[in-house]
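This report concerns only the one structure given below.
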Number of protein chains: 2
Amino acid sequence: MTATARKPRNAAKPVDVCQIECVHRDAVTRAASALKPESTLQRLGEFYKALGDPTRLKIITALVHEELCVCDIACLTGMSESAISHQLRVLRAARLVKYRRHGRIVYYSLADGHVADIIEQGLRHAEE
Amino acid sequence: MTATARKPRNAAKPVDVCQIECVHRDAVTRAASALKPESTLQRLGEFYKALGDPTRLKIITALVHEELCVCDIACLTGMSESAISHQLRVLRAARLVKYRRHGRIVYYSLADGHVADIIEQGLRHAEE
DNA sequence: TTATCATATGAACAGATATTCATATTTAGA
DNA sequence: TCTAAATATGAATATCTGTTCATATGATAA
């Protein structure tokens, strides 16, 4: 997004976004100026990507109800503890889960209420 | 999820889910019985996975405001029309978008209001 | 019909990703 | 201390994914 060259009139806003031919220049201009900042889209994309894997989604939906340790999650999902640990790292990086340590056991839970809200809205959408 | 062998008492519900050692058998049992059906999780996972790519997420957020044709989206995103067409196919398969044809131009829009609601909730979460 | 525009599709390839296996770390108990 | 349990991490690998390029389809206009 570099500075834009101005056009005197008629253009709602100048678009330099567009290298390709576009059919509706005005619609593209509106869409471009309504677009959320790249940083927001990137964060949201990583959030969704983290939820877009079957193993991780199962982990997250399980954690909606109560905290679980790595062992429990492995047990619940039928996957190896190592695989679960790797996936939990992804979920941690995406700030979807938090954890607390009790002795050698690590309990994972959802990072905050927002995550639960989002998942529940998603589930309602998927269930209908 | 096959049929479960019964245990007389004390088990909230029998678990055959668990091949691995698990630390909290009761918690796993509760989590297992609260788990959503595989079909629901799969649909939701595909939904999130579709949103988990930066190009597709940009397309979807743009479509929140108004419908756009393939050309416009290519223009807006700075990607080739072919790439966009491929991504729109993924979004169609995940039932995130619908389209209408007008002459040789195809206009894409969000499949329904739910999608917009979900995206807006996600954006609020990502923006804070 | 023929030419052209807008879009779709298939093959190919580079890059990303999820799991496994081996190993490291951290904590509790002996 | 030493051992074992619970978890984390790194490397390797097989699979998946997104883009490009070439080509096909479908619709309009000439």
Side-chain angles (χ1 to χ4, degrees), chain A residues 18-25 27-28 41-42 45-46 48-60 63 67-94 97-109, chain B residues 18-25 27-28 41-42 45-60 63 67-94 96-109:
Chain A
C18 196
Q19 278 81 25
I20 311 173
E21 285 308 306
C22 57
V23 177
H24 310 89
R25 186 163 275 272
V28 173
L41 290 180
Q42 195 184 326
E46 277 159 18
Y48 285 136
K49 182 183 276 188
L51 293 171
D53 170 81
T55 301
R56 291 193 295 261
L57 184 59
K58 198 174 236 176
I59 294 173
I60 291 293
L63 293 180
E67 67 176 9
L68 293 168
C69 73
V70 179
C71 237
D72 293 342
I73 298 171
C75 177
L76 177 67
T77 57
M79 306 203 61
S80 76
E81 290 152 23
S82 177
I84 295 302
S85 188
H86 278 293
Q87 297 294 26
L88 285 169
R89 195 150 81 104
V90 176
L91 292 173
R92 252 156 37 213
V97 300
K98 65 183 194 308
Y99 61 95
R100 69 182 178 88
R101 181 154 220 145
H102 183 72
R104 33 191 175 194
I105 298 179
V106 178
Y107 293 92
Y108 280 86
S109 54
Chain B
C18 194
Q19 278 82 24
I20 311 173
E21 285 309 305
C22 56
V23 177
H24 310 88
R25 188 164 273 271
V28 173
L41 290 180
Q42 195 183 327
E46 278 159 18
F47 184 87
Y48 285 136
K49 181 182 277 186
L51 293 171
D53 170 80
T55 303
R56 290 192 296 263
L57 184 59
K58 198 174 237 177
I59 295 173
I60 291 294
L63 294 180
E67 65 175 14
L68 293 168
C69 73
V70 179
C71 239
D72 293 341
I73 298 171
C75 178
L76 177 68
T77 57
M79 307 204 60
S80 74
E81 290 153 23
S82 177
I84 295 302
S85 188
H86 278 293
Q87 296 296 26
L88 285 169
R89 195 151 80 103
V90 175
L91 292 172
R92 253 155 37 214
L96 281 161
V97 300
K98 65 183 192 309
Y99 61 96
R100 71 182 177 87
R101 184 156 218 141
H102 183 72
R104 34 192 175 194
I105 300 178
V106 178
Y107 292 92
Y108 281 85
S109 54

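Any value given below was found using the heavy atoms of this structure, including those in side chains, with hydrogens, waters and symmetry copies removed. Predicted, not measured: the structure shown is a model, and the values here were computed from it.
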Worksheet item: Can you check the A:Asp72 CG to D:dA5 P distance for me, whole Å?
Response: 17 Å

Fill in: Set of residues satisfying side-chain contact (heavy atoms from CB on, under 4.5 Å) with respect to A:Ala93, sequence neighbours excluded
none

Item to complete: Starting from C1' on D:dA6, measure out to OH on A:Tyr108 and report it in whole angstrom.
Response: 11 Å

What does the list of N/O pairs under 3.5 Å between the protein and nucleotides 24-27 of chain D look like, with a distance for each?
none

Response to the item:
d(B:Phe47 CZ, B:Leu91 CG) to nearest 0.5 Å is 10.0 Å

Worksheet item: Looking for any heavy atom pair under 4.0 Å, which part of the strands does A:Tyr107 touch: base, sugar-phosphate only, or nothing?
Response: nothing

Practice prompt. Apply side-chain contact (heavy atoms from CB on, under 4.5 Å) to A:Ala94 and list each qualifying residue two or more places apart in sequence or on a separate chain.
Written response: A:Ala50, A:Leu96

Discussion item. Please enumerate all residues that pass side-chain hydrogen bond (donor to acceptor under 3.5 Å, both in side chains) together with A:Ser109, with sequence neighbours excluded.
Written reply: A:Lys98

Practice prompt. For residues A:Leu57 and B:Leu41, report the shortest heavy-atom separation together with the two atoms involved.
Written response: CD2-O, 3.3 Å

Practice prompt. Send over the distance from A:His24 NE2 to C:dA6 C1', rounded to a whole Å.
Written response: 11 Å

Worksheet item: Roughly how far, to the nearest 0.5 Å, is the CD1 atom of B:Ile60 from the CD atom of B:Gln87?
Response: 10.5 Å

Response to the item:
In whole angstroms, the gap separating P of D:dA8 from CD1 of A:Ile105 amounts to 12 Å

Discussion item. Check this one for me: any side-chain N or O of B:Lys49 less than 4.0 Å away from OP1 or OP2 of D:dC16?
Written reply: no

Worksheet item: To the nearest Å, how far apart are B:Met79 CE and D:dC21 P?
Response: 12 Å

Worksheet entry | Residues which pass salt bridge (charged side-chain N to carboxylate O under 4.0 Å, His left out) with B:Arg100, listed by chain and number, not counting sequence neighbours | B:Glu67

Worksheet item: Taking A:Ile59 as the fixed residue, which of A:Val90, A:Leu76, A:Ile73 is the one that meets the side chain to side chain contact (heavy atoms under 4.5 Å, CB included) rule?
Response: A:Ile73

Practice prompt. List for me each residue that meets side-chain hydrogen bond (donor to acceptor under 3.5 Å, both in side chains) alongside B:Arg92, sequence neighbours excluded, and say none if there are none.
Written response: B:Tyr108

Worksheet entry | Pairing residues for A:Ser85 by the side-chain hydrogen bond (donor to acceptor under 3.5 Å, both in side chains) criterion, not counting sequence neighbours | none

Response to the item:
Whole-Å distance, A:Ile84 CD1 to C:dA18 C1', equals 11 Å

Fill in: d(CD, A:Glu81; C1', C:dT23) in whole Å
15 Å

Item to complete: Report yes if at least one side-chain N or O of B:Tyr99 is closer than 4.0 Å to OP1 or OP2 of C:dA6; otherwise report no.
Response: no

Discussion item. Parallel, tilted or perpendicular: which one describes the rings of A:Tyr107 and A:His102, with boundaries at 30° and 60°?
Written reply: tilted

Worksheet entry | Nucleic acid contacts - residues 50-57 of chain B versus DNA chain C, non-hydrogen atoms under 4.0 Å | none

Fill in: Distance, nearest 0.5 Å, that separates CD1 of A:Ile84 from SG of A:Cys69
11.0 Å

List every contact pair, protein side and nucleotides 10-15 of chain D side both N or O, where the distance is under 3.5 Å.
unit_1 : atom_1 : unit_2  : atom_2 : d
D:dG10 : O6     : A:His86 : NE2    : 2.7

Practice prompt. Starting at atom CD1 of B:Ile59, determine the distance to atom P of C:dT7, rounded to an integer number of angstrom.
Written response: 13 Å

Discussion item. With a 4.0 Å cutoff (strictly under), does any side-chain N or O of B:Ser85 reach OP1 or OP2 of C:dT7?
Written reply: no

